[in-house]
Amino acid sequence: KTIRENQGTEIQFNNEQIEFSENGTLIAIDWTLEYLENEILNSTNFNRIEKNDTTEIKESTFNINLQSCLTKFTIPEILTQGNEWYCPKCKDFCCAEKTMSIWKPPKILIIQLKRFQFSRMYRSKIGSFVDFPLEDLDISQFVSNPKKHHKCKYDLFAIGNHDGSLGGGHYYAYAKHFELNKWFELNDSSCSSFS
């Protein structure tokens, strides 16, 4: 199938090869973030995809849970060339494996989720909904201290939100009043309860 300039042809994903006109063709691709991460960014053919400053990732339509965010945060990462670790023994930079973990869980656990992503090719706000438990968030599997005699379960009592985009926006919060056992929205000078 040949695609001609300005036809606005929709291409269905399959394994067929597509021929483009000799004058060049602009293709706009609208991927879900899940497909982009799993099928494109991890693909051996990713380096063949040309990107420019207008490339963006739109808000995804799938949900993520907080446990999977913590799991991804603790996956070992190889520090490769250009991001090497400095070894104090051999006094040289070398590739190494870095792993994030919690040694001693704090009395109050604060989790800040990365809601913006940047690369050389694109910048965007991550709009995926993150599902989290209101009670008993268990982080024991992320604690690396062999003497795990610390409290590893947490109840949610506040959330900070950002509405807007990379260029601007507005922050507001939700917080639980324990004596009243009610949730409140805190938005600038406004405070209102909700159920």
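These figures come from a predicted structure and were not determined experimentally.
No more than 12 heavy-atom neighbours from other residues, nucleotides or ligands sit within 6.0 angstrom of CD1 on I110.
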Identify all side-chain donor-acceptor contacts of residues 96-109 below 3.5 Å with residues at least two apart in sequence or on another chain.
residue : atom : partner : partner atom : Å
S101    : OG   : S144    : OG           : 3.0

Which side-chain N or O atoms in residues 169-176 pair as donor and acceptor under 3.5 Å with protein atoms at least two apart or in another chain?
residue : atom : partner : partner atom : Å
H170    : NE2  : N187    : OD1          : 2.6
K176    : NZ   : N181    : OD1          : 3.3

Residues 81-89 side chain polar contacts: donor-acceptor under 3.5 Å, at least two apart:
residue : atom : partner : partner atom : Å
E84     : OE1  : G82     : N            : 3.1
E84     : OE2  : G82     : N            : 3.2

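Listed by chain and number, the residues in a side chain to side chain donor-acceptor pair (under 3.5 Å) with T74 amount to none (sequence neighbours excluded). Residues meeting the side chain to side chain donor-acceptor pair (under 3.5 Å) test with H162, sequence neighbours left out: K125. Among residues two or more places apart in sequence or in another chain, the side chain to side chain donor-acceptor pair (under 3.5 Å) test is passed with D188 by none. For L134, the side chain to side chain contact (heavy atoms under 4.5 Å, CB included) partners two or more places apart in sequence, or in a different chain, are F132, L156, W183. Taking the side chain to side chain donor-acceptor pair (under 3.5 Å) definition, one finds that Q67 meets it with Q141, sequence neighbours left out.
Rounding to the nearest 0.5 Å gives a distance of 11.5 Å between CD1 of I111 and CD1 of I159. Rounded to the nearest 0.5 Å, atoms CG (D155) and CG (D136) are 5.5 Å apart. Summarising the geometry, atom OH belonging to Y154 is positioned 10.0 Å from atom CG belonging to D138; distances are rounded to the nearest 0.5 Å.
When hydrophobic side chains of Ile, Leu, Val, Met, Phe, Trp and Tyr are connected at separations under 4.5 Å, I78 ends up as a singleton with no cluster partners.
Nearest heavy atom pair, residue L66 against residue V130, reads N-CG1, 4.0 Å. K153 and K151 get closest at one heavy-atom pair: O-CE, 2.6 Å.
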